Amino acid sequence: MSFRNNSIARKLTFIITVTAIAVLIVSSIVLVVNQFYSSRIAIAHELNSLAGVSGFAVAPAMLFDDHPAAQKTLQALKTQPDLLAAELYLNNADTPFAMFAAHENTGASFARHNAGQEPCGKAVFTRQQVTLCSQVAMDGDILGRLYLQTDLSRLYQELIRLLAIFAGVLSIVSLLAFFAAHRLGTLLTRPIRHLADTATLISHDKNYALRAKKYEDDEVGQLTESFNAMLEQIQRRDETINAHSRELELLVEQRTRSLSETVQQLSESNEELKDFSYIVSHDLRAPMINVQGFVNELGLSLKDLRKDLDSVMELIPEQKKAALLEILDDDIPTSTRFITGGVVKMNQLLTGILKVSRVGRQELNISTVDTQRLVKDNLEAIKYQSDQARAEFQVNPLPQVQADPYLLAQIFANLLSNAVKYSDPKRPGKIVIGADDQGDHFRFFVKDNGLGISEKDQTKIFEMFRRGSNHAVEGEGVGLNYVKLAIKRLGGTISVESAVGQGSVFSFTLPKG
Amino acid sequence: MTLRSGLALVVLWALAAGSASADDKDIHEDEVKAAFVYNFAKFVEWPSGKINESINLCILGESPLGFSALKAIDGRTAQDKQLVTKLLNKSTDLKGCHIVFVAASERNKMAQLLKIAHQQHVLTVSDMGGFAQAGGAIELVEADEKMRFEINLLAAKEAGLVISSRLLSLSLAVYDENNRPKQ
């Protein structure tokens with residue numbers, strides 16, 4: 001695990017422990033080095049004092065050339081614990097006047113130094129020993145030199161002992177520092193960990209009612225307070241949102257309920273309406289046929305009446321004859337003509353209603369339909385009307401679709417005949433039939449350059465018995481309503497784009513499936 | 001000048017102590033004696049006021065110390081004072097002397113001489129045998145072919161002189177209350 005990803009407590013522990021160890025090591029080194037040098041200085045100093053005292057003691061023996069006395073004086077040095085050797089030389093002599101050796105093998109000869117009259121007075125340190133040369137003087141006369149050599153092993157022993165102590169202290173302090181830092185780190189980071197745990201819990205459970213516990217009044221305490229304040233806000237907001245959404249849900253539920261009721265009602269009434277319109281149109285046809293039949297009968301009766309009347313014409317006075325003939329030849333035929341017209345119109349309307357009501361009732365008979373072929377057949381059927389209207393057709397490539405061929409034929413028949421019917425007499429008609437592939441469905445269109453439909457009428461034309469304002473053109477008023485219902489039955493939609501005086505584009509979609 | 005002659009003296013000693021031949025010894029014995037006398041001056045404390053400008057060494061009688069031996073120590077320093085050597089004619093007049101070297105020729109007058117010397121706070125030194133035992137302060141003795149000395153502390157005390165223990169420690173014999181000279 002890298003140091004960065006460790007917990008704060010661990011980092012703290014590590015830093016404190018390492019710092020404590022580093023401080024201890026550095027101070028140990030400084031102390032040991034200092035001890036080493038100050039010990040050396042102390043040793044040199046001691047040696048100097050010893051040389052001074054010894055020199056003072058041995059000077060008379062030198063003065064009086066008393067070799068045994070000098071030797072005796074130097075032997076007193078054996079009480080000095082670390083002294084290895086002492087040698088006393090008279091000036092320029094190359095044999096010692098007196099000497100002392102702590103052990104048999106520690107005897108040293110400083111004759112060479114003395115004979116060479118090398119500088120005297122300074123302690124010379126080697127790794128194992130320190131050697132001091134000291135001049136022995138009396139009353140201003142330099143009598144000779146005293147060499148003292150001391151063993152340094154005790155210094156090293158002391159340094160080693162010091163190092164051992166430091167190592168012991170170091171290990172104890174490191175352990176203590178580690179435990180203290182660990183404890184401290186845990187204590188210090190407890191509020192942070194608590195805060196982090198609380199945050200994790202909240203983000204996991206989405207429970208904004210939780211609060212972090214504040215431990216101390218420090219930065220973390222402030223953070224905890226801010227965190228809690230934030231939680232408070234979130235909780236309040238959350239409650240508001242929840243209340244709103246509950247209201248909304250209720251509202252949606254209510255609306256859905258009332259909507260489904262409405263839909264239910266609507267579909268019921270729609271069903272009733274379909275039944276009603278079927279029944280009405282179907283049942284009204286019989287009396288209508290009766291009316292038609294009896295109007296015809298009335299015409300025949302009128303002809304019989306006229307024939308009979310001709311035979312008795314001489315009997316009728318002249319002035320009555322004219323009025324009678326006018327009733328028989330003009331008034332009655334005009335009335336019957338109007339009745340017949342009304343009946344025909346009524347019949348057409350009933351047929352339209354029947355047709356429309358049948359669209360919703362009929363079973364669909366889905367098969368593959370070649371719309372190219374279908375359109376071609378349709379154009380053949382209205383060839384007369386289109387020739388009359390001087391209309392020209394352009395049929396783009398059309399696809400094969402899965403649909404009810406009867407309904408589709410009716411749709412195209414209506415749209416094409418409308419295009420012809422509402423052509424502008426002032427210019428030759430130009431009608432384009434085409435289709436685009438729109439992915440999951442086809443879009444067919446029938447485009448003309450006819451009279452066009454005003455924007456106001458564009459919404460009305462698809463309703464039953466509603467026609468555009470162009471009443472100069474005949475129509476039963478069910479065609480587009482039928483088309484709309486048929487297309488809906490096939491799973492598509494119809495729309496129109498149009499501008500008065502420029503033409504219209506009727507387009508409808510058919511799903512590919 | 002003083003230092004250099006001192007060094008020379010020490011060199012002579014080294015020669016005498018080390019590989020000195022019999023001839024060398026004859027030639028230099030008086031010089032060693034003179035040096036000893038000079039060195040004694042360094043370890044003796046006179047009553048205050050006794051010494052003014054110099055420490056005066058008086059030679060009494062037919063001295064064995066030759067001219068060159070005396071010349072070697074004359075003018076040298078002991079206790080920050082110059083050592084001045086004087087040759088005395090009359091044994092009774094020790095005025096101005098701090099140290100008197102008594103030659104063997106004066107043996108007969110010794111009792112009177114010592115009395116005067118002690119009165120005058122003069123350190124008495126001699127190389128005649130039995131000098132210390134006879135009441136002289138310091139006697140030069142030859143032992144094992146080396147120059148040594150004996151000290152009579154009682155005599156020194158009588159003369160009002162204090163002899164350093166450092167000198168006493170080198171002495172062959174020290175006569176005091178516990179070790180009275182056998183006269």
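Note that the structure is a prediction, hence the values are computed from the model and not measured. Hydrogens, waters and symmetry mates play no part in the numbers below; they use all other heavy atoms, side chains included. Order of the sequence lines fixes the chain letters, A, B, ..., with proteins taken first and strands second; residue numbering starts at 1 for each chain.
Contact count versus chain B (heavy atoms, under 4.5 Å) is highest, among A:Ala61, A:Ala69, A:Pro68, for A:Ala61.
Residue-environment remark: CG (A:Leu187) exceeds the threshold of 12 foreign heavy atoms within 6.0 Å. For A:Tyr156, the OH atom is densely surrounded, since the number of other residues' heavy atoms within 6.0 Å is greater than 12. Counting non-hydrogen atoms of neighbouring residues, nucleotides and ligands closer than 6.0 angstrom, the NZ atom of A:Lys72 reaches no more than 12 such neighbours. With a 6.0 Å radius and a threshold of 12 heavy atoms from other residues, nucleotides or ligands, A:Arg183 has its CZ atom at or below the threshold. Sparse packing is recorded around NZ of B:Lys157, with 12 or fewer heavy atoms of other residues, nucleotides or ligands lying under 6.0 Å away.
A distance of 6.0 Å separates CG of A:Asp139 from OH of B:Tyr38, quoted to the nearest 0.5 Å.
A salt bridge is defined here as a Lys NZ or Arg NE, NH1 or NH2 lying under 4.0 Å from an Asp or Glu carboxylate O, and B:Arg148 with A:Asp66 meets this definition.
Within the structure, every pair that satisfies the side chain to side chain donor-acceptor pair (under 3.5 Å) test and touches residues 21-43 of chain A, not counting sequence neighbours, is listed here: A:Gln35-A:Ser39.
For B:Lys146 against A:Asp65, the heavy-atom pair with the smallest separation is NZ-O, 3.0 Å.
Of the atoms belonging to B:Leu170, heavy atoms from both backbone and side chain fall under 4.5 Å from chain A.
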Stepwise side chain to side chain contact (heavy atoms under 4.5 Å, CB included) check, B:Arg166 with A:Leu63: CA-CA 11 Å; B:Arg166 297 167 73 199; A:Leu63 272 181; over 6 Å; no
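Relative orientation of the B:Phe43 and A:Phe64 rings is tilted, given thresholds of 30° and 60° on the angle between their planes.
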